[in-house]
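Everything on this sheet refers to the single structure shown next.
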Amino acid sequence: MPELPEVEVVRAGLEPAVTGARVTSVTVFDERSLRRHDGPREDFIDRLTGIRMLAPERRGKFLWIPLSAPASALVVHLGMSGQVLLRDRDTDDPRTRIRLELEHPEHGPLRLNFVDQRIFGSMAIDRLVPTKDHPAQSVPSQVAHIARDPLDEGFDDEHFFAALARRRTGVKRALLDQTLVSGIGNIYADEALWAARVHYNEPTDALSRRAVSLLSEVRAVFARALAEGGTSFDTQYLQVNGESGYFARSLNAYGRQGLPCPRCGRPLVRERFMNRGSHFCAKCQPVRRAA
DNA sequence: CCTCGCTCCTGGTCGC
DNA sequence: TGCGACCAGGAGCGAG
């Protein structure tokens, strides 16, 4: 499941390939992948064809490529199973929903396949709007309600702690709320909670200072995943061009139910929560109640 | 305004 | 061998 680190690897891998490239043709194989586009497929195709792409940007799990048409961008969300694959002109991929043919001034012709098995992801053309807290920056309108992510220079730690404490809910639900803090999905939420020794359903207003270590662990988990994703151009290109699209992770809690906790040895537990799995150590992450 | 549950989706896997 | 049930979960939406 692509969360912030995976999306960032895609963004970085796309950057050298698409920046300055011109879109020569667009094919929409499945209109459901345009669910978030405001208009029919013809509108999407018309607005993209012939346009030039600028350097890709990201906030949380949202990725967008600003376009030469003023104040507009191609917004990409990978959803559960989305991939953006850079190919040569002759290569196709199963379950390609949208295809862009590009012409790059240096790299020549390039094919960009948007592949998505479960069609939770999407592409859309959207307008860019200034951000509230930093009007010199702009983001797509459909990203404007998303909070900054913890790797964003503009992320305000104290503001986050205050907003977290005001919530009347469990901490994992809060971590997954992209309007509070963006980029965290189910896997890295479980990993950060395990590292900070916090139970997933602990009330946010009971965290107190452990919220500080929780945010710190979120950043550490992201940093490790990014390090695994590689930072060289070649590695990034392989990710974007690769078969799976996602790099292998070393996980301590997620998906490890029944296996020993790497910290205390007690078998890890998996419970259903919010219609998905929560993986944790019942000893290291005991249930606590509000103070 | 806030919280929470439902819905969208497909393909791999499992059990009968 | 075939087929139905189940499972994975990000994000938007509407109910309360």
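Hydrogens, waters and symmetry mates are skipped; everything else that's a heavy atom, side chains included, is used.
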With a non-hydrogen cut-off below 4.0 angstrom, is A:Phe62 in contact with a base, only sugar-phosphate, or nothing?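 Sugar-phosphate contact only - A:Phe62 comes under 4.0 Å of backbone atoms but never of a base.
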Look at all strands and tell whether A:Gly277 reaches a base, only sugar-phosphate, or nothing, counting heavy atoms closer than 4.0 Å.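 The residue A:Gly277 makes sugar-phosphate contact but no base contact.
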State plainly whether the residues A:Arg58 and A:Asp149 are in salt-bridge range, i.e. N to O under 4.0 Å.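 Salt bridge between A:Arg58 and A:Asp149, a charged N being under 4.0 Å from a carboxylate O: yes.
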Salt-bridge criterion met for A:Arg111 and A:Asp88 (N-O under 4.0 Å):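 Salt bridge between A:Arg111 and A:Asp88, a charged N being under 4.0 Å from a carboxylate O: no.
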So if I take every side-chain heavy atom of [X] and compare against [options], which nucleotide ends up nearest?
X        : options               : answer
A:Arg173 : C:dG12, B:dG5, C:dA8  : B:dG5
A:Tyr254 : C:dG12, C:dA11, C:dA8 : C:dA8
A:Leu176 : C:dG12, B:dC4, C:dG10 : C:dG10

Mind listing the N/O atom pairs, protein and nucleotides 8-12 of chain B, below 3.5 Å?
{"unit_1": "B:dC9", "atom_1": "OP1", "unit_2": "A:Arg35", "atom_2": "NH2", "d": "2.4"}
{"unit_1": "B:dC9", "atom_1": "O5'", "unit_2": "A:Arg35", "atom_2": "NH2", "d": "3.2"}
{"unit_1": "B:dC9", "atom_1": "O3'", "unit_2": "A:Arg32", "atom_2": "NH1", "d": "3.2"}
{"unit_1": "B:dT10", "atom_1": "OP1", "unit_2": "A:Arg32", "atom_2": "NH1", "d": "2.3"}
{"unit_1": "B:dT10", "atom_1": "OP1", "unit_2": "A:Arg32", "atom_2": "NH2", "d": "3.0"}
{"unit_1": "B:dT10", "atom_1": "O4'", "unit_2": "A:Gln117", "atom_2": "O", "d": "3.4"}
{"unit_1": "B:dT10", "atom_1": "O2", "unit_2": "A:Gln117", "atom_2": "OE1", "d": "3.3"}
{"unit_1": "B:dG11", "atom_1": "O4'", "unit_2": "A:Gln117", "atom_2": "OE1", "d": "3.0"}

Main-chain N/O of A:Arg118 paired to A:Ser81 side chain as donor or acceptor, under 3.5 Å: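 A pair under 3.5 Å: yes.
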Side-chain donor/acceptor of A:Asn186 to backbone N/O of A:Gly277, under 3.5 Å: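 Judged by distance alone, yes, a pair lies under 3.5 Å.
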Could you tell me if the side chain of A:Met123 sits less than 4.5 Å from the side chain of A:Ser33, heavy atoms only?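 Of all side-chain heavy-atom pairs linking A:Met123 with A:Ser33, none is under 4.5 Å.
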Decide yes or no for A:Ile125 and A:Leu67: does some side-chain heavy atom of the first lie under 4.5 Å from some side-chain heavy atom of the second?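 Touching, per the 4.5 Å side-chain cut-off.
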May I ask you to verify if any side-chain N or O of A:His77 is less than 4.0 angstrom from the OP1 or OP2 atom of C:dG10?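 It does not, given that no N or O in the side chain of A:His77 lies less than 4.0 Å from OP1 or OP2 of C:dG10.
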